[in-house]
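Beneath this line is the structure, given in structure tokens, with notes to follow.
In what follows, chains are A, B, ... by sequence order, proteins preceding strands, each numbered from 1.
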Number of protein chains: 2
Amino acid sequence: METTLTISVQDYLKAIYELTAGGEPANTTALATRLGIAPASVTGMIQKLSRIKPPLVEYRKHQGVKLTAQGNKAALEVIRHHRLIEAWLVQTLGYSWDEVHAEAEQLEHAISEDFEARIASALGNPERDPHGEPIPSVNLTMPEDTLLPLAALRKGQAAIVKRVNAENPELLRHLDSLGLVPGTKIEITDYSPYDNNLTVLIDDQDFVIGLAISTKIFVEKF
Amino acid sequence: METTLTISVQDYLKAIYELTAGGEPANTTALATRLGIAPASVTGMIQKLSRIKPPLVEYRKHQGVKLTAQGNKAALEVIRHHRLIEAWLVQTLGYSWDEVHAEAEQLEHAISEDFEARIASALGNPERDPHGEPIPSVNLTMPEDTLLPLAALRKGQAAIVKRVNAENPELLRHLDSLGLVPGTKIEITDYSPYDNNLTVLIDDQDFVIGLAISTKIFVEKF
DNA sequence: ACAAATATTTAGGTGATCCTAAATATTTTA
DNA sequence: TAAAATATTTAGGATCACCTAAATATTTGT
Ligand SMILES: [Mn+2]
Ligand SMILES: [Mn+2]
Ligand SMILES: [Mn+2]
Ligand SMILES: [Mn+2]
């Protein structure tokens, strides 16, 4: 049933999945930027993906792309690989959370379904990767995540960090140095409505966090 | 210095390495068969590899190909990846020796040098893969192997199996069922000069082994 | 509402890797 | 040693995933 998708196609589908997480279709430029490819090339590829036998994407000129049900499954397969591999690199080979992304980006296309099953089982079928990102289930559904962005908290509220949406190694190391990693308890000690800065108490220390970071950290209030 | 080689090129170099192990250049047909590619395509590729900046192969029309020093290093890098990955799949994910080849064939092109170093270290820098094949050193030299083919033994000689040169899963399972795996002690109880069959005592049982197998098993006399 | 700015698509390539069919070279065999 | 058999190369394509430049469409700002 499944013609094996090329690495390129897998990366397009994953990028479309991530860019359409908010419900809006992904536009050509955003895809081009994320994939490091010229916009013209992106147009060509998404046109092809929308025309193959069972279409992987839905596309209308100048309106952006969305994944079809087929495309969504294919994207979740790649994302499941990626996140399981990240978890496994950390737990069995001592990688740190800023090192796993690049390695997983390659390995996600190279492992078999058998390998996927073996690491999932060896890890005890984890629900989240080292950044707290949910791992799609073996039958390719994405678990619902009810977390709040840190940016939504206000003075006096306390929460626990659950998820960090970042790939950049330097940013990840910075967050690590702040203590903004899954599991950390935090409390908002101040909020500035002008610049949306939050002052956050982390491990007895106050840090001022801007939107660039606070929109990427997801928490659970308590 | 190193332009990253494509997966195709890596597989060509590995195949040439293996086919030239006996000293003779590799011919087009053998390469084509091993790679599952049309002979015409092989000619095109080896012509290209012989013309790139520092040539990876030495080639003369109708005379076959050999690796240059450059090509040899590149081949050993891929083989090191392959064999370390095989060892690691067996030791950490419970793969059996007939399952590792296909998986390693893909992963060998996807791992980073960092990953290579981590698994080598985690495994204690092993010298052989699960089939007993020597693993090239980190500085890309192939350890000398002084083993004898099983086919060279004669009646009365005893030896220990050290290496099995096979990829086919069915053959590997067959060898496993015979006990012809690295570490097993054997004794030759008969030799037939007409068909070169050997009768081999393995774990108290006699088996008659033809050349198809006895040339692929390497042993150390004792 | 319209011009300017921005985004997207079309047109026309390129390079990598593979294919088949036909031509040619080498090796084998009678 | 000359056919016949086999191996190899050349010629001409195809597909994939990119690219740049130019054309066109959409969005934004006044
Ligand atoms: Mn990828
Ligand atoms: Mn992650
Ligand atoms: Mn390979
Ligand atoms: Mn092996």
*Of all residues at least two apart in sequence or in a different chain, which pass the side chain to side chain donor-acceptor pair (under 3.5 Å) check with Gln157(A)?*
none
*Where at least one partner belongs to residues 71-84 of chain B, residue pairs that pass side-chain hydrogen bond (donor to acceptor under 3.5 Å, both in side chains), sequence neighbours excluded*: Glu77(B)-His81(B), Arg80(B)-Glu116(B), His81(B)-Glu113(B), His81(B)-Glu116(B), His82(B)-Glu86(B), His82(B)-His101(B), His82(B)-Glu108(B)
*Going 5' to 3' on DNA chain C, which nucleotide is the first and which the last to come under 4.0 Å of a heavy atom in chain A?*
dA7(C) to dT10(C)
_DNA chain C contacts made by residues 33-52 of chain A, counting heavy atoms under 4.0 Å_ = Pro39(A), Ala40(A), Thr43(A), Gln47(A)
*asked:* Counting only heavy atoms and a strict 4.0 angstrom limit, can you tell me which residues of residues 6-14 of chain B come near DNA chain D?
replied: none
*Taking only residues two or more places apart in sequence, or in another chain, which ones meet Asn27(B) in a side chain to side chain donor-acceptor pair (under 3.5 Å)?*
none
*What residues form a side chain to side chain donor-acceptor pair (under 3.5 Å) with Thr29(A), not counting sequence neighbours?*
none
Residues 133-150 of chain A side chain polar contacts: donor-acceptor under 3.5 Å, at least two apart:
residue	atom	partner	partner atom	Å
Glu133(A)	OE1	Arg163(A)	NH1	3.0
Ser137(A)	OG	Asn139(A)	N	3.4
Ser137(A)	OG	Asn139(A)	ND2	3.2
Ser137(A)	OG	Leu140(A)	N	3.4
Ser137(A)	OG	Thr141(A)	N	3.1
Ser137(A)	OG	Thr141(A)	O	3.4
Ser137(A)	OG	Thr141(A)	OG1	2.9
Asp145(A)	OD1	Arg128(A)	NH2	2.9
Asp145(A)	OD2	Arg128(A)	NH1	3.3
Asp145(A)	OD2	Arg163(A)	NE	3.0

Please report, to 0.1 Å, the donor-acceptor pairs under 3.5 Å made by any side chain of residues 46-53 of chain B, with sequence neighbours excluded.
residue	atom	partner	partner atom	Å
Ser50(B)	OG	Ile46(B)	O	3.4
Ser50(B)	OG	Gln47(B)	O	2.8

*Check side chain to side chain contact (heavy atoms under 4.5 Å, CB included) between Glu103(A) and all other residues, then give those that pass, not counting sequence neighbours.*
Leu89(A), Tyr95(A), Leu107(A), Ile111(B), Ser112(B), Phe115(B)
*So which of residues 19-27 of chain B are in contact with DNA chain C, with a heavy-atom cut-off of under 4.0 Å?*
none
Result block: side-chain N/O donor-acceptor pairs under 3.5 angstrom for residues 56-64 of chain A, not counting sequence neighbours:
none

